[in-house]
Protein chains: 2
Amino acid sequence: MGRRPQLTSDRIVAAAAAVADRGGIAAVSMRSVGSELGVEAMSIYHHIPSKDALLDALAEWVFGQIELPEPSDPWREAMIRRADSARSVLAAHPWALGMMESRPAPGPALLQHHDRVLGCLLTAGFSPTLATHAFSTIDAYVYGFVLTESSLPFTPGEGAEAEFAAEVAPSMEDYPYLARSLADVLDGGTYAFANEFHSGLDLIMDALQRRFAEQ
Amino acid sequence: MGRRPQLTSDRIVAAAAAVADRGGIAAVSMRSVGSELGVEAMSIYHHIPSKDALLDALAEWVFGQIELPEPSDPWREAMIRRADSARSVLAAHPWALGMMESRPAPGPALLQHHDRVLGCLLTAGFSPTLATHAFSTIDAYVYGFVLTESSLPFTPGEGAEAEFAAEVAPSMEDYPYLARSLADVLDGGTYAFANEFHSGLDLIMDALQRRFAEQ
DNA sequence: ACCTGAACACCGTTCAAGT
DNA sequence: ACCTGAACACCGTTCAAGT
């Protein structure tokens with residue numbers, strides 16, 4: 001009979017991510033991750049000291065997947081590509097954002113992430129102060145956007161927005177401005193919430209470019 | 001002997017918030033909330049159908065505390081005031097942001113919030129499309145900023161940033177750009193991460209004002 | 001060295017019982 | 001009508017035991 005591959009912390013973290021992708025972070029328990037690997041819950045403790053450590057590793061696993069810029073990349077394109085990558089990685093594992101608030105210690109993946117983004121901006125000629133402003137603004141925007149997106153009551157794209165608007169229409173009497181915005185914006189059927197991401201990102205990049213030129 | 005005040009869903013939600021403020025969202029259990037009120041866990045079920053419903057109510061409770069603009073308020077000041085209020089409310093109850101991702105159904109408080117913000121922008125003359133862009137950009141920025149802020153490994157203000165930088169300095173060899181930014185930005189001792197909030201917010205408001213003028 | 005299984009103190013929730 | 005207490009199926013984690 002075929003031997004099971006060795007249990008390693010990498011395999012455990014990947015299994016935990018699979019469980020979370022399927023059922024949300026609440027579905028991740030030592031027992032469920034164990035059974036994902038065909039192993040008892042207690043076996044995990046030989047590779048990872050606690051559930052808290054497993055969650056920390058899970059957060060690192062997600063942030064480690066975000067594509068990072070090289071110092072020599074043209075800054076504007078690099079920032080947009082990084083933002084797109086961060087958004088798609090976080091949107092694929094939305095439970096990761098919910099974890100951020102409760103685990104304050106930044107791991108190597110997050111520190112590396114900060115370092116590479118700042119590296120690109122500094123190399124492009126941003127002052128350290130402006131680079132810090134730029135990074136914290138872009139990052140806040142990306143995190144917040146994905147957070148908003150993940151808590152939307154519909155799955156973006158595929159015209160689901162219009163469907164949702166129709167569903168909620170009856171209860172919209174109490175929210176006249178919201179109703180008006182939704183109606184107008186959905187009119188024509190070409191709207192997708194997804195487009196909002198680049199709209200806001202461009203707005204921020206334009207403003208940064210202006211500050212950069214003035215500096 | 002003094003009778004205890006009637007158990008109501010409002011008192012239950014307030015007790016749950018107190019427990020969360022003290023020990024984080026993980027500390028909120030039917031039993032801990034019950035004991036906060038001097039009551040058995042099961043008593044709660046006579047007023048709130050499930051723990052999930054309690055968490056929904058908790059999210060609503062937080063968002064209901066954010067100060068909302070009047071339609072006639074000057075838009076730029078109103079947006080900044082709203083962003084400041086959202087930030088201080090969310091920073092006071094940081095567990096609320098971590099909850100957002102896992103509870104997709106927006107309650108009345110959140111819908112009202114959206115309605116009032118859009119109302120101010122529309123009344124000021126923003127097109128529904130631009131108002132939607134503006135709102136989603138500002139909101140994403142505020143959420144993301146608080147999320148970043150809450151996961152900082154130090155409590156902002158009080159010069160704690162410098163203290164932290166000194167602590168981490170040894171492990172900074174692997175992150176040269178991050179080290180350089182930190183060093184430069186902390187130099188002089190006047191830096192506080194808190195200032196970053198208005199820096200990024202101003203940047204966004206400037207860009208929005210420009211789009212508004214062009215519209 | 002690595003994996004297991006019983007045990008303990010928790011958790012959300014059901015249900016029958018008390019006032 | 002509202003509150004309780006026992007019970008059930010979970011959970012993280014300890015520890016002694018197996019290979």
Side-chain angles (χ1 to χ4, degrees), chain A residues 1-61 95-96 98-99 101-105, chain B residues 1-61 95-96 98-99 101-105:
Chain A
M1 50 179 124
R3 290 258 298 96
R4 251 198 328 266
Q6 262 276 127
L7 205 54
T8 63
S9 53
D10 282 353
R11 287 187 64 227
I12 292 167
V13 172
V19 172
D21 285 344
R22 222 180 304 125
I25 198 72
V28 176
S29 73
M30 299 308 263
R31 284 163 173 93
S32 67
V33 173
S35 104
E36 178 82 10
L37 294 160
V39 124
E40 293 302 312
M42 286 314 302
S43 308
I44 295 170
Y45 285 87
H46 287 273
H47 301 90
I48 292 178
S50 68
K51 181 170 180 188
D52 234 54
L54 175 55
L55 293 179
D56 282 338
L58 208 45
E60 282 276 298
W61 180 88
W95 40 266
M99 296 176 60
E101 173 266 320
S102 45
R103 31 212 69 256
Chain B
M1 45 179 126
R3 290 257 298 97
R4 251 197 329 265
Q6 261 276 132
L7 204 53
T8 63
S9 53
D10 281 354
R11 287 188 62 230
I12 293 167
V13 171
V19 173
D21 285 344
R22 223 181 305 124
I25 198 70
V28 176
S29 72
M30 299 307 264
R31 284 164 173 93
S32 67
V33 173
S35 104
E36 179 82 11
L37 294 159
V39 121
E40 294 301 313
M42 287 313 303
S43 308
I44 294 170
Y45 285 88
H46 287 275
H47 302 91
I48 290 178
S50 68
K51 181 170 180 190
D52 233 55
L54 175 57
L55 294 180
D56 282 337
L58 207 47
E60 282 277 296
W61 180 87
W95 40 267
M99 298 178 57
E101 174 266 320
S102 46
R103 28 213 71 258

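Reminder, nothing fancy here: chain letters follow the sequence lines and each chain counts from 1.
Proximity of residues 42-51 of chain A to DNA chain D (heavy atom under 4.0 angstrom from any strand atom) is restricted to Met42(A), Tyr45(A), Ser50(A), Lys51(A). Within a heavy-atom distance below 4.0 Å of DNA chain D, the residues of residues 14-33 of chain A found are Val28(A), Ser29(A), Met30(A), Arg31(A).
With hydrogens and angles ignored, the 3.5 Å screen pairs no side-chain donor or acceptor of His47(A) with any backbone N or O of Ile12(A).
A straight line from CG of Leu37(A) to P of dT4(C) spans 11 Å, rounded to a whole angstrom. When rounded to the nearest whole Å, the span between CG of Leu54(B) and P of dC11(C) equals 14 Å. Glu40(A) has its CD atom 6 Å from the C1' atom of dT4(C), to the nearest Å. Summarising the geometry, the separation between CG on Leu55(A) and P on dG12(D) is reported as 9 Å, rounded to the nearest angstrom.
When all heavy atoms are compared, the tightest approach of Ala27(A) to Val19(A) is O-CG1, 3.5 Å. Heavy atoms only, all atoms of each residue included: Met99(A) and Leu55(A) are closest at CE-O, 3.0 Å. When all heavy atoms are compared, the tightest approach of Val33(A) to Ala15(A) is CG1-CB, 4.2 Å.
Shown here are the side chain to side chain contact (heavy atoms under 4.5 Å, CB included) partners of Ala53(B), two or more places apart in sequence or in another chain: Ile48(B), Pro49(B), Ser50(B). Annotation: side-chain hydrogen bond (donor to acceptor under 3.5 Å, both in side chains) contacts of Ser9(A) (sequence neighbours excluded): none.
Here the CG atom belonging to Leu7(B) is positioned 9.5 Å from the NE2 atom belonging to His46(B), to the nearest 0.5 angstrom. How far NZ of Lys51(A) is from CD1 of Ile44(A): 10.5 Å, rounded to the nearest 0.5 Å. Taken to the nearest 0.5 Å, the OG atom of Ser43(B) stands 9.5 Å off from the CG atom of Leu37(B).
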Check: Just the dot-bracket of DNA chain C, please: which string comes out with Watson-Crick or G-U pairs under 3.5 Å, [ ] for crossing, | for another strand?
Finding: ||.|||||...|||||.||
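Each side chain to side chain donor-acceptor pair (under 3.5 Å) pair with one or both residues in residues 17-39 of chain A, not counting sequence neighbours, appears once here: Asp21(A)-His93(A), Asp21(A)-Trp95(A), Arg22(A)-Glu36(A), Ser29(A)-Ser32(A).
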